[in-house]
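Okay, structure first, notes after.
In what follows, chains are A, B, ... by sequence order, proteins preceding strands, each numbered from 1.
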There are 2 protein chains.
Amino acid sequence: MSGPVTIRDVARAADVSPATVSRTFVRPEKVDAVTRERVLSAAARLDYRPNRAAQSLITGLTGNIGIVVPDLTNPFFPSVVRGIQSRAEELGYPVLLVDTGEDAARESELVTRLGRQVDGLVLCAARMSDEDLLSHRQQRPLVLINREVPGVPAVTFDNAAGIAQEVMHLKALGHVRIGYVAGPGTSYSSRVRQGAVTTHLAAAALTEVAVGSFAPSFDGGRSAAEKVLLANVTAVMVYNDVMALGLINQLAQYGVSVPNDLTVVGYDDIEFAAMANPALTTVRVPREEAGALAMSYLNALMTATGPAPEPPAQLKTEFIFRGTSVRVPLTGALAE
Amino acid sequence: MSGPVTIRDVARAADVSPATVSRTFVRPEKVDAVTRERVLSAAARLDYRPNRAAQSLITGLTGNIGIVVPDLTNPFFPSVVRGIQSRAEELGYPVLLVDTGEDAARESELVTRLGRQVDGLVLCAARMSDEDLLSHRQQRPLVLINREVPGVPAVTFDNAAGIAQEVMHLKALGHVRIGYVAGPGTSYSSRVRQGAVTTHLAAAALTEVAVGSFAPSFDGGRSAAEKVLLANVTAVMVYNDVMALGLINQLAQYGVSVPNDLTVVGYDDIEFAAMANPALTTVRVPREEAGALAMSYLNALMTATGPAPEPPAQLKTEFIFRGTSVRVPLTGALAE
DNA sequence: CTGTTAGCGCTTTCAC
DNA sequence: GTGAAAGCGCTAACAG
């Protein structure tokens, strides 16, 4: 008899009923040790694999989990995905991935579609509204990364601390008027970070000069160059590393050299921050760790029988002092 | 009655049998147009969604496709994944992703596991042996990207042409002794590229100086710096952009400036190649396009009833002349 | 602890 | 063109 081996084949080989075979895999403790061994060895001998579809049909569970990211080509996200993926693999979950292409509108629809194929979801930097998020949360377990909505489980970074460290750093270097290049106002973490910048700059008695909002991309950073030049500052904090790198690149076109003429600090510590020349001063956010933690938490949520598991703490960020920040007085073109 | 709406609910609402509802979705042409409309409107009204597990159980198909990549944090792969993903979405396939972590040994096992959850697979830069690949190909439809094995469908790049263009470029710039920094010998595309370099350099009557094999990473490129310096060449071709960037970075530590002291050309045209300073001369390989094409081809394979569909042509590569390559005679430290 | 009995929701012969 | 019936492979009561 051909075809894949089914639970009945194993049952026959082990001389038990199909139900006992099923129990052996689902509730081993409810099966006599001797019987269990017999079943297990028969299953191994026949190379039996439970049919997922049949299990799904009856349990209503797929055994898969889903990840949603806004843009996989943004170097922030592959690390997160990797963290989720490797933990998911340890836990035995295959992972369904969807890249929404930064499209906030489609995001919610894609989550709905994906939601039907998985038992739980990790949403990275979700762009959708709080309401949509809350409604998806009703459907199935879900963990957010880098986004907070009251009542929705989330893994977040201690952004305030990271910003505080940068501010302290800039103050220690003697900077007083400090520019801030913001990300898109529609992004949750951009708004959070902007708030932290304002707060900590004020607390440090430093002057914040808002440069404006730009796309969270290399070109977005580039397009901020003119406004930065006009801001009459000695240092500028940028929403993220990719933008900071773009800004520095465009500044070079203007003959403005970083850090001699201007101090620039980024955020995220993407791989290329260290590779750039000069290497970018930034704040490291533990992306892979966040992914793994989110997956662990999601698993706890999915398997929880009793009370909801404790949400994980905020992840610590780490200030990284590299080559794009120096002490004032400046000696270059922008010095007065 | 609560729960999700089933085919019987629709049948009742449309006053037909469940079989007719099923046919309406699976073989619409076998249902009378009027009946079909009635069923469709009832389905829409009730917001009916077929249960995937039930369909799967009966058809043996999951409706999903899988992607396997060696390392998602290598900027080459997210683009490919994006290409696959967006095309898969158009075709209605959810995508299962696995990152093997460059582990050739685990790769085959992961493919086996993943294979049971999907109807078809796209394998990027597969590290496993030809034999393993051939055996997986027996199991289910599969398309390779950037790897060739006789008898296995694949989307590949015209690497020879890319290398030829680079060689021509270097020759035009007056370089004669040219170093080659190879990728890992275990990598298929590294071997292919090495072969092309040797062939075209010889054909152009240029001298090839083998610098050695290194890890395909930024640090791998860095570690090639000493040997490059010792190679007494005016130009060096590097296996890929990430390595080229690492090499340039480390060279700077030695006080060797690119391109003044040494011409460096990369391969791939990853996003950061253009962002680097100076921007990297390289060869663009259409990664996202390759992903989309592979997915289209896979779909053709999966839905093919008659003869096997035509394999797609090799994807054209494009030489990109940027800032890291200049004409000899050199004026810097390495000039003679 | 184990077997028997019923389906999960859907597709698919096979009649009509 | 449409319906009735028979499972796909598995799990979950329910007896024993």
Side-chain angles (χ1 to χ4, degrees), chain A residues 1-43 46-64 92 115-119 140 302-303 305, chain B residues 1-43 46-64 92 116-117 119 303 305:
Chain A
M1 166 228 63
S2 58
V5 3
T6 76
I7 208 170
R8 310 183 64 122
D9 300 325
V10 179
R12 209 168 305 139
D15 197 33
V16 294
S17 75
T20 299
V21 178
S22 175
R23 279 191 208 99
T24 306
F25 288 101
V26 184
R27 283 171 187 2
E29 72 281 5
K30 306 223 121 207
V31 174
D32 183 86
V34 179
T35 318
R36 195 194 309 151
E37 277 318 309
R38 199 147 35 93
V39 171
L40 254 18
S41 90
L46 299 178
D47 191 32
Y48 165 71
R49 316 283 176 148
N51 179 318
R52 288 282 211 145
Q55 292 183 134
S56 258
L57 182 54
I58 206 160
T59 61
L61 263 26
T62 64
N64 301 326
R116 300 175 26 79
Q117 320 264 24
V118 301
D119 300 339
R140 62 200 71 244
M302 296 191 315
T303 59
T305 53
Chain B
M1 160 232 66
S2 59
V5 3
T6 77
I7 207 170
R8 311 183 62 123
D9 300 325
V10 179
R12 211 166 305 137
D15 195 35
V16 294
S17 74
T20 299
V21 178
S22 174
R23 278 191 208 101
T24 305
F25 288 100
V26 185
R27 282 170 188 4
E29 73 280 7
K30 306 222 125 210
V31 174
D32 184 86
V34 179
T35 318
R36 196 193 308 151
E37 277 318 309
R38 198 146 35 94
V39 170
L40 254 18
S41 89
L46 299 178
D47 192 31
Y48 164 72
R49 316 283 177 149
N51 178 317
R52 288 282 209 144
Q55 293 183 135
S56 257
L57 182 54
I58 208 162
T59 61
L61 263 26
T62 64
N64 300 326
R116 299 175 28 75
Q117 319 265 27
D119 299 340
T303 57
T305 54

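- By the 4.5 Å heavy-atom criterion applied to side chains, B/V10 and B/V5 are counted as neighbours.
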*Dot-bracket for DNA chain C, 5' to 3', with Watson-Crick and G-U pairs under 3.5 Å, [ ] for crossing pairs and | for other-strand pairs: what is it?*
||||.|||||||||||
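- For the segment residues 20-34 of chain B, the set of residues with a heavy atom within less than 4.0 Å of an atom of DNA chain C comprises B/S22, B/R23, B/V26, in numerical order.
- By the side-chain hydrogen bond (donor to acceptor under 3.5 Å, both in side chains) test, B/R49 pairs with B/D47, sequence neighbours left out.
- The minimum heavy-atom distance between A/A42 and A/A13, with the atom names listed, is CB-CB, 4.1 Å.
- Contacts of B/S41 classified as side-chain hydrogen bond (donor to acceptor under 3.5 Å, both in side chains), with partners at least two apart in sequence or in another chain: none.
- The main-chain N or O of B/Q117 is never found under 3.5 Å from a side-chain atom of A/R52 such that the two would form a donor-acceptor pair.
- Residues A/V21 and A/V16 form a side-chain contact, since some pair of their non-hydrogen atoms from C-beta on lies under 4.5 Å apart.
- Side-chain atoms of A/T59 come within 3.5 Å of backbone N or O of A/Q55 as a donor-acceptor pair.
- Interatomic distance, B/R12 CZ to B/T6 OG1, rounded to the nearest 0.5 Å: 7.0 Å.
- Protein chain B touches strand DNA chain C; the 5'-most and 3'-most nucleotides with an atom under 4.0 angstrom of its non-hydrogen atoms are C/dG9 to C/dT13.
- Place A/A53 and B/P18 on DNA chain D by their nearest nucleotides, and B/P18 ends up nearer the 5' end.
- Within the 4.0 angstrom heavy-atom criterion, only backbone atoms of the sugar-phosphate kind lie near B/T35; the bases stay farther away.
- For B/T20 against B/T24, the heavy-atom pair with the smallest separation is O-OG1, 2.6 Å.
- When side chains are defined from C-beta on, A/R38 counts as touching A/D15, because their heavy atoms get closer than 4.5 Å.
- Using modelled atom types, one side-chain atom of A/R36 and one backbone atom of A/P28 make a donor-acceptor pair closer than 3.5 Å.
- Running 5' to 3' along DNA chain D, contacts with non-hydrogen atoms of chain A at under 4.0 Å begin and end at D/dG9 to D/dA13.
- Listed for the B/S22 side chain is no donor-acceptor partner under 3.5 Å among the backbone atoms of B/P18.
- Residue B/L46 holds its CG atom at 12.5 Å from CD1 of B/I7, rounded to the nearest 0.5 Å.
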